[in-house]
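I have placed the structure first, in the form of structure tokens, so that the comments after it can refer back to it.
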2 protein chains.
Amino acid sequence: MIAVWHCQGVTSPSTAGAVRQGSLRELNLAVVLRRIATADRPPSRAEIAAETGLTRATVSAVVDDLIGGRLVAEAGPAPRTGAGRPARGLVLAGDGPAGLGLEVNVDYLAACVVDLAGTVRHHVVRRADLRPVSPADALARLAALAADARAAAARQGLTLAGAALAVPGLVDAGGLVRLAPNLGWRDVDVPALLAGHRLTEPVDGVPPLVVENEANLAALGELHAGPPGSASFLQISGEIGIGAGIVLDGRLYRGARGWSGEIGHIPVHPEGRPCRCGGRGCLERYAGQEVVLAAAGLAGADLPADTAATRLAELAAAGDPATRTALADAGTALGVAVAGVVNLLDLDTVVLGGGYAPLAPWLRPPVVAELSRRVLTAAWSPVTVRPAALGARSAAVGGAASVVRRIVDRPVGWLAHSG
Amino acid sequence: MIAVWHCQGVTSPSTAGAVRQGSLRELNLAVVLRRIATADRPPSRAEIAAETGLTRATVSAVVDDLIGGRLVAEAGPAPRTGAGRPARGLVLAGDGPAGLGLEVNVDYLAACVVDLAGTVRHHVVRRADLRPVSPADALARLAALAADARAAAARQGLTLAGAALAVPGLVDAGGLVRLAPNLGWRDVDVPALLAGHRLTEPVDGVPPLVVENEANLAALGELHAGPPGSASFLQISGEIGIGAGIVLDGRLYRGARGWSGEIGHIPVHPEGRPCRCGGRGCLERYAGQEVVLAAAGLAGADLPADTAATRLAELAAAGDPATRTALADAGTALGVAVAGVVNLLDLDTVVLGGGYAPLAPWLRPPVVAELSRRVLTAAWSPVTVRPAALGARSAAVGGAASVVRRIVDRPVGWLAHSG
DNA sequence: TCATTTAATTCAACCGTTGAACAAATTGCG
DNA sequence: CGCAATTTGTTCAACGGTTGAATTAAATGA
């Protein structure tokens with residue numbers, strides 16, 4: 001007989017999930033804060049008690065802690081009809097912790113600050129061609145943007161509790177950028193290069209800097225900012241390479257080694273065009289930006305990535321036949337690859353982000369056509385294909401939002417810091 | 001500014017995760033039981049305290065509850081060297097709850113019983129061609145096997161706490177089999193058809209019957225029974241169609257509507273052979289069992305699925321060139337599709353299950369070859385391709401194990417039942 | 001035989017939730 | 001305008017369960 005309890009790969013936290021006496025309050029702080037964060041309008045203590053099953057006494061005590069720690073504030077009492085003491089609404093504080101989102105891409109650097117409520121309080125994009133620049137230099141420039149963002153946050157009464165950096169490549173745990181081909185980076189230890197810069201305040205339980213693939217952070221941004229409805233979706237970002245952020249059941253899926261999302265190397269013509277990855281017939285050889293530019297007669301123009309997308313959108317909007325054909329062919333190839341993914345993962349939404357977002361009007365029809373004919377369940381349940389809600393800044397915003405999410409998921413770290 | 005707290009698709013349990021006074025003991029029962037279940041050798045109370053961070057007093061009290069509820073038993077004290085009170089080892093009880101695993105497939109019915117320790121205590125496969133049989137009839141025959149299994153369990157002092165049924169098709173939440181093409185089933189309400197049969201004892205928190213796709217349950221079985229090492233893998237099952245169970249980060253991934261795993265409809269030649277799904281060039285038209293049988297000269301033999309796989313394995317082992325070429329071609333197509341999946345999902349293990357398991361010696365080399373040339377990270381981190389550890393009974397065992405897993409994850413349901 | 005060591009049990013204290021009681025703040029009716 | 005009714009928020013003694021320390025149990029080895 002074969003034992004089935006050797007569960008593989010799942011490593012437990014150090015206390016293995018044990019619930020200590022102190023865990024009660026810690027977890028209930030998170031539950032109540034989450035309830036305030038996700039409410040459609042400011043809830044009262046009594047409403048929170050009704051929804052969570054905790055008593056009004058407990059909710060009152062927990063809310064006292066959250067108010068004391070500047071995570072929550074009271075709104076004015078709501079006007080009411082009928083007898084009864086007016087309820088005090090509770091909202092997320094606008095002057096407590098915030099997340100710092102950073103991004104290095106081929107032709108720009110970005111920094112933004114997102115507060116607890118998810119509001120973007122600062123956002124700067126600095127244009128620069130970063131391919132000829134060393135990683136140390138690029139990160140030094142980024143640190144300057146981060147310092148500006150930190151100062152701007154302080155002026156607004158916000159404390160940066162952590163940072164997340166988006167890069168266009170494969171990132172190991174620990175922040176080592178294994179390969180970012182578009183930047184020419186290989187084995188770049190980003191945390192080490194940024195170690196001399198104080199980006200944020202130390203908060204227990206929040207790593208000071210998380211380095212993550214930009215498609216993954218963009219998907220996180222989209223998860224929170226997108227229209228309601230889908231907890232599983234694919235967000236595709238098409239530049240030279242084609243990457244994807246994958247959200248399954250409301251959570252970002254990073255893969256066994258953190259290298260998920262390489263949709264550009266799905267074979268769409270198995271013995272087709274050679275690819276720089278060593279394979280043949282990869283999606284990026286049929287729907288990558290270089291291919292579309294060449295087919296549109298723009299090969300060798302050496303445009304920055306987002307300028308290239310804008311240029312293609314302008315040509316397509318003007319009715320240029322070569323550009324429209326190139327985008328239709330790219331959309332068809334993309335549709336073939338995505339159809340396979342949808343069949344395998346049973347996704348109901350596909351988001352066109354990155355360089356594909358401005359080209360969505362011309363990419364979407366052939367993608368939808370391929371999905372209609374190749375997805376097994378398409379007749380019952382069509383797949384939604386839409387452009388990204390956040391547009392170009394989704395990676396930095398997603399990164400900042402992920403920092404803020406850690407505070408909401410575990411408020412005691414912040415409360416210990418500020419109390 | 002765009003709010004990011006409208007988190008979509010994640011529905012909370014009724015108390016929204018609030019931790020009540022009673023939650024302490026409930027959660028710690030689960031923590032301690034999990035520790036006993038996953039230990040390499042019987043742990044003592046002191047060891048459990050050291051590993052979980054709970055005090056020895058608390059662990060002692062929790063273990064008293066688990067022993068009283070017949071979930072845990074004490075082993076004899078271990079011989080020790082040096083002074084000190086000998087420790088009493090703790091093991092999962094062999095005479096408490098068990099799970100019932102059931103399976104309906106094209107040419108057989110199966111029932112098995114798995115106890116808390118994961119040991120298979122009863123397993124029966126009844127051969128029958130179920131395609132001409134109505135769903136009601138097929139399920140009536142299955143209920144008879146289940147009654148036999150229940151009696152056998154009772155004779156061994158086991159109580160069946162829930163059942164899981166594996167079917168070869170798309171299953172909605174609630175157990176409606178939307179489509180099982182190989183059985184000719186469409187919109188079959190399995191729980192309603194089995195409602196007149198008492199399969200198991202009612203246990204709080206354990207659904208009496210879960211209906212699930214067989215590739216998914218097979219993957220669950222493999223997750224627990226497979227060799228240590230991978231929390232993310234794809235388990236492929238090739239019969240007429242080709243399905244997959246997907247395990248990501250230690251959890252079964254079912255998809256937005258529960259219809260994940262349709263790897264057979266990944267396009268490998270976009271304008272290739274027409275498929276019955278309406279698309280062209282789908283994997284199942286290149287690597288499905290019917291295609292391999294035809295290429296091996298066995299078309300029209302109308303063999304049962306697993307007999308067909310056995311027959312193909314015999315021919316290949318005997319060196320039949322047509323069979324070997326057919327398997328090599330199928331392996332190549334399979335490798336192309338799987339390479340795309342591995343690039344997207346960053347998996348490090350692929351398991352050949354179902355009808356592919358006996359053919360693994362001939363399928364594996366071309367699959368590995370395609371992965372080597374098409375997976376972006378293959379040079380750094382090769383993908384493991386291996387046959388399934390559980391073989392043909394993995395779906396029923398996986399189903400039974402998932403029932404048992406619910407007991408271990410929430411022992412208070414069982415304790416309330418038996419106390 | 002007894003000191004030493006380790007495991008398991010017992011115990012009073014503490015933390016945080018709890019249900020009930022009480023206080024506060026309204027509306028609406030007579 | 002006064003007051004009953006109603007709802008929200010706060011206070012309080014009690015309780016459940018964990019806790020750290022003390023005690024008991026069960027061995028080994030000098």
Side-chain angles (χ1 to χ4, degrees), chain A residues 15-32 35-36 41-68 72-90 411-412 415, chain B residues 15-32 35-36 41-68 72-90 411-412 415:
Chain A
T15 55
V19 185
R20 319 296 304 273
Q21 190 65 42
S23 306
L24 273 173
R25 180 52 61 98
E26 174 169 332
L27 289 165
N28 284 333
L29 283 163
V31 164
V32 170
R35 179 63 53 165
I36 294 167
R41 51 164 188 75
S44 66
R45 294 162 177 80
E47 284 172 326
I48 294 171
E51 285 154 3
T52 60
L54 294 167
T55 63
R56 291 195 306 252
T58 299
V59 173
S60 187
V62 170
V63 166
D64 282 349
D65 285 350
L66 294 171
I67 290 175
V72 157
E74 283 188 318
R80 61 172 301 137
T81 60
R85 181 174 171 174
R88 297 300 298 265
L90 299 162
V412 287
L415 293 177
Chain B
T15 55
V19 185
R20 320 298 303 274
Q21 189 64 41
S23 305
L24 271 172
R25 180 51 60 97
E26 175 169 332
L27 289 164
N28 284 333
L29 284 162
V31 164
V32 170
R35 179 63 55 168
I36 295 166
R41 48 162 188 77
S44 66
R45 292 163 176 83
E47 283 171 328
I48 293 170
E51 285 153 5
T52 60
L54 294 167
T55 64
R56 286 182 313 213
T58 299
V59 173
S60 188
V62 169
V63 166
D64 282 350
D65 286 349
L66 293 171
I67 291 176
V72 157
E74 281 188 318
R80 61 174 300 142
T81 60
R85 181 173 170 173
R88 298 298 299 263
L90 298 163
V412 289
L415 292 177

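Since the structure is predicted, the reported quantities are computational estimates derived from the model, not experimental observations. FYI, side chains are in, hydrogens and waters are out, and symmetry mates aren't considered; it's all heavy atoms of this structure. Below, chain A is the first sequence line, B the second, and so on; all start at residue 1.
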Residue pairs involving residues 55-67 of chain B (criterion salt bridge (charged side-chain N to carboxylate O under 4.0 Å, His left out); sequence neighbours excluded):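 Sorted result for residues 55-67 of chain B: R25(B)-D65(B).
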What's the [atom1]-[atom2] distance between [X] and [N], to the nearest Å?
{"X": "Q21(A)", "N": "dC14(C)", "atom1": "CD", "atom2": "P", "result": "13 Å"}
{"X": "D64(B)", "N": "dT9(C)", "atom1": "CG", "atom2": "C1'", "result": "9 Å"}
{"X": "L29(A)", "N": "dC15(C)", "atom1": "CG", "atom2": "P", "result": "16 Å"}
{"X": "E26(B)", "N": "dT17(C)", "atom1": "CD", "atom2": "P", "result": "16 Å"}
{"X": "R80(B)", "N": "dA27(D)", "atom1": "CZ", "atom2": "P", "result": "10 Å"}
{"X": "L24(B)", "N": "dC14(C)", "atom1": "CG", "atom2": "C1'", "result": "13 Å"}
{"X": "R25(A)", "N": "dC14(C)", "atom1": "CZ", "atom2": "P", "result": "18 Å"}
{"X": "R45(B)", "N": "dT10(C)", "atom1": "CZ", "atom2": "C1'", "result": "14 Å"}

Nearest heavy-atom neighbours spanning S44(A) and L90(A):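 Heavy-atom minimum between the residues: C-CD1, 4.3 Å.
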For S23(B) against A18(B), the heavy-atom pair lying closest together: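 Smallest heavy-atom distance, with atoms named: OG-O, 4.2 Å.
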Under 3.5 Å donor-acceptor pair, R56(A) side-chain atoms to dG9(D) base atoms: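 Present.
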Output yes when a side-chain donor or acceptor of [X] lies under 3.5 Å from a complementary backbone atom of [Y], and no otherwise.
{"X": "R88(A)", "Y": "A75(A)", "value": "yes"}
{"X": "R80(B)", "Y": "R85(B)", "value": "yes"}
{"X": "R20(A)", "Y": "G53(B)", "value": "yes"}

Distance check: side-chain N/O of [X] vs OP1/OP2 of [N], anything under 4.0 Å?
{"X": "S60(A)", "N": "dT10(D)", "value": "yes"}
{"X": "T55(B)", "N": "dG20(D)", "value": "no"}
{"X": "R20(A)", "N": "dT19(D)", "value": "yes"}
{"X": "R85(B)", "N": "dT9(C)", "value": "no"}

Protein-nucleotides 28-30 of chain C N/O pairs under 3.5 Å:
{"unit_1": "dG28(C)", "atom_1": "OP1", "unit_2": "G82(A)", "atom_2": "N", "d": "3.4"}

Sugar-phosphate, base or nothing in reach of A87(B), heavy atoms under 4.0 Å: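 Result for A87(B) = sugar-phosphate.
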Sugar-phosphate only, base, or nothing, as touched by T58(B) at under 4.0 Å among non-hydrogen atoms: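 Since a base atom lies under 4.0 Å of T58(B), the category is base.
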Side chain proximity check, V19(B) to V31(A), heavy atoms < 4.5 angstrom: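 In short, these two side chains do not touch, never coming nearer than 4.5 Å.
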Comparing N28(A) and A46(B) on DNA chain C - which has the more 5′ nearest nucleotide: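 Result: A46(B).
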Residue whose closest nucleotide on DNA chain C lies nearer the 5' end, L54(A) versus P86(A):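 So the residue in question is L54(A).
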